[in-house]
Amino acid sequence: MIDVVYFAWVRERIGLPRESVETDATTVAELIDELSKREERYALAFSDRGAIRAAVDQTLVDLDAPLKGAREVAFFPPMTGG
Amino acid sequence: MGVRVQEGDFDLAVELADFGRGAGGIVTFTGVARNNDAGNLQYMEIEHYPAMTQSAIEAIANEARSRWDLCDLLIIHRHGRLAPGARIMMVATASAHRADAFAAAEFLMDYLKSRAPFWKKEVTSDSAEWVAAKEADEKALDRW
């Protein structure tokens, strides 16, 4: 099981902030593929991959990053701090 | 040296009273919630990733310390609901020489903008829109 957390409009489109996911995905991108096949709201949230950023265990990663040993994966839009 | 992520406001005078003792120069930057072009912003909602925010900002701060000769550094970033004109964040850098203090402050601002896990939403009387990241903000990282 991996905890998946969502922020900003990714959270709003999917409709929840956090969930536990049973997955065989080996990379972040594969996890996105799996989630997108679940329901329309996931497909919509992940439709523009270029606008999706990810963190594995609170560290920013590229979408091709491996998931081995990951406890928490986060998906969110490009950050707007400062 | 310090990094703080908080909901409440901060007082520049208090924060800077003992900051950078012995430095030759101190640079500070304060980010403020700007009204939108229509002038009808009710508030800005700043969401963040609590489990990651502090460590992400500390990593950025450590990178700045490794690149420039800093004798002190302070970053405060707020989250939650902020009215137009409210302080959002501040950066202060202190160094023996101003060049390092200015460069480090700019570096910190550029990285906080697009590598610290915050997301801004502008709420007006009739809309609530996430602020889109600008391509220029991403490009700004290239100069470092």
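All heavy atoms count here, side chains included; hydrogens, waters and symmetry mates do not. Throughout, protein chains are lettered first and strands after them, A, B, ... in sequence-line order, and every chain is numbered starting at 1.
Cluster membership for B/Leu12 and B/Leu82, using ILVMFWY side-chain heavy atoms within less than 4.5 angstrom, is not shared. Under the 4.5 Å side-chain heavy-atom criterion for grouping Ile, Leu, Val, Met, Phe, Trp and Tyr, B/Ile75 is connected to B/Ile60 within one hydrophobic cluster. A/Ile14 and A/Leu44 end up in different hydrophobic clusters when Ile, Leu, Val, Met, Phe, Trp and Tyr side chains are linked at under 4.5 Å. Under the 4.5 Å side-chain contact rule for hydrophobic residues, B/Ile46 and B/Ile76 do not share a cluster. Note on B/Val27: it does not cluster hydrophobically with B/Leu16, by side-chain heavy-atom contacts below 4.5 Å among ILVMFWY residues.
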Between chain B and chain A, donor-acceptor distances below 3.5 angstrom:
unit_1, atom_1, unit_2, atom_2, d
B/Glu47, OE1, A/Arg11, NH2, 2.5
B/Glu47, OE2, A/Ala8, N, 3.0
B/Glu47, OE2, A/Arg11, NE, 3.1
B/Tyr49, OH, A/Glu72, OE2, 2.4
B/His77, NE2, A/Gly82, N, 3.0
B/Lys113, O, A/Gly81, N, 2.9
B/Phe118, O, A/Thr80, N, 2.8
B/Trp119, NE1, A/Pro77, O, 2.9
B/Lys120, N, A/Thr80, OG1, 2.9
B/Lys120, NZ, A/Thr80, O, 3.1
B/Lys120, NZ, A/Gly81, O, 3.1
B/Lys120, NZ, A/Gly82, O, 3.0
B/Lys121, NZ, A/Glu12, OE2, 2.5
B/Trp130, NE1, A/Glu12, OE1, 2.8

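Using a 4.5 Å cut-off between heavy atoms, B/Ala51 contacts chain A through both its backbone and its side chain. For a residue to count as touching a neighbouring chain, one of its non-hydrogen atoms must lie under 4.5 Å from one of that chain's; by this rule B/Ala132 touches chain A with the backbone only. With a 4.5 angstrom heavy-atom cutoff, A/Ala8 touches chain B via backbone and side-chain atoms both.
The structure places CE of B/Met52 at 5.0 Å from CZ of A/Phe76, a figure rounded to the nearest 0.5 Å.
Shown here is B/Phe19, whose CZ atom has more than 12 heavy atoms of other residues, nucleotides or ligands within 6.0 Å. More than 12 non-hydrogen atoms from other residues, nucleotides or ligands lie less than 6.0 angstrom from CZ of B/Arg67. Within a 6.0 Å sphere centred on CG of B/Asp37, other residues, nucleotides and ligands contribute 12 heavy atoms or fewer.
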